[in-house]
Amino acid sequence: MSTFTIDELMEILVVKAGLPRSAVTDDPSATLSDVDLDSLARLQLKVEIEDRYGVELEGEEAGTTFGELVAMVNEGLSEHAR
């Protein structure tokens with residue numbers, strides 16, 4: 001099983017949610033709000049992760065950190081592997 005990384009999260013945000021490459025970060029404590037992404041970007045992120053990885057993000061809010069998002073996806077992936 002592969003592990004979802006913050007780099008993969010950033011690529012999804014750039015390609016699907018309109019995050020400028022200049023705003024890409026590897027800071028796990030940063031949030032979507034910190035990089036000026038709105039509720040539409042959160043929706044696009046949720047849809048892409050569900051489509052690509054089969055993981056539903058529940059409880060994800062504007063204040064959820066990138067580290068928490070990565071952990072949620074990896075938890076979902078490990079549940080699918082069981």
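Positions are given from 1 along the sequence.
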Among D36, L9, L37, whose side chain to side chain contact (heavy atoms under 4.5 Å, CB included) with L19 holds?
-> L37

How about F66 and D26: do any of their side-chain heavy atoms sit closer than 4.5 Å?
-> no

Chi angles and distances behind the side-chain hydrogen bond (donor to acceptor under 3.5 Å, both in side chains) call for D7, T5 | CA-CA 5 Å; D7 291 333; T5 66; 4.8 Å; no

Indicate the atoms forming the closest heavy-atom contact of L57 with K46, along with that distance.
-> O-CE, 3.2 Å

Is there a side-chain contact between T64 and M72, using heavy atoms and a 4.5 Å cut-off?
-> yes

Roughly how far apart are D27 CG and I6 CD1, rounded to 0.5 Å?
-> 7.0 Å

State, with a plain yes or no, whether a side-chain heavy atom of I49 is found less than 4.5 Å away from one of E56.
-> no

Tightest non-hydrogen contact, residues T31 and T65, listed as CG2-CA, 4.1 Å

Check for a donor-acceptor pair, side chain of E48 on one end and backbone N or O of L45 on the other, with a separation under 3.5 Å.
-> no

Does any non-hydrogen side-chain atom of E50 lie less than 4.5 Å from one of V55?
-> no

Is there a side-chain contact between L77 and T3, using heavy atoms and a 4.5 Å cut-off?
-> no

Backbone N/O of F4 and side chain of N74: donor-acceptor pair under 3.5 Å = yes

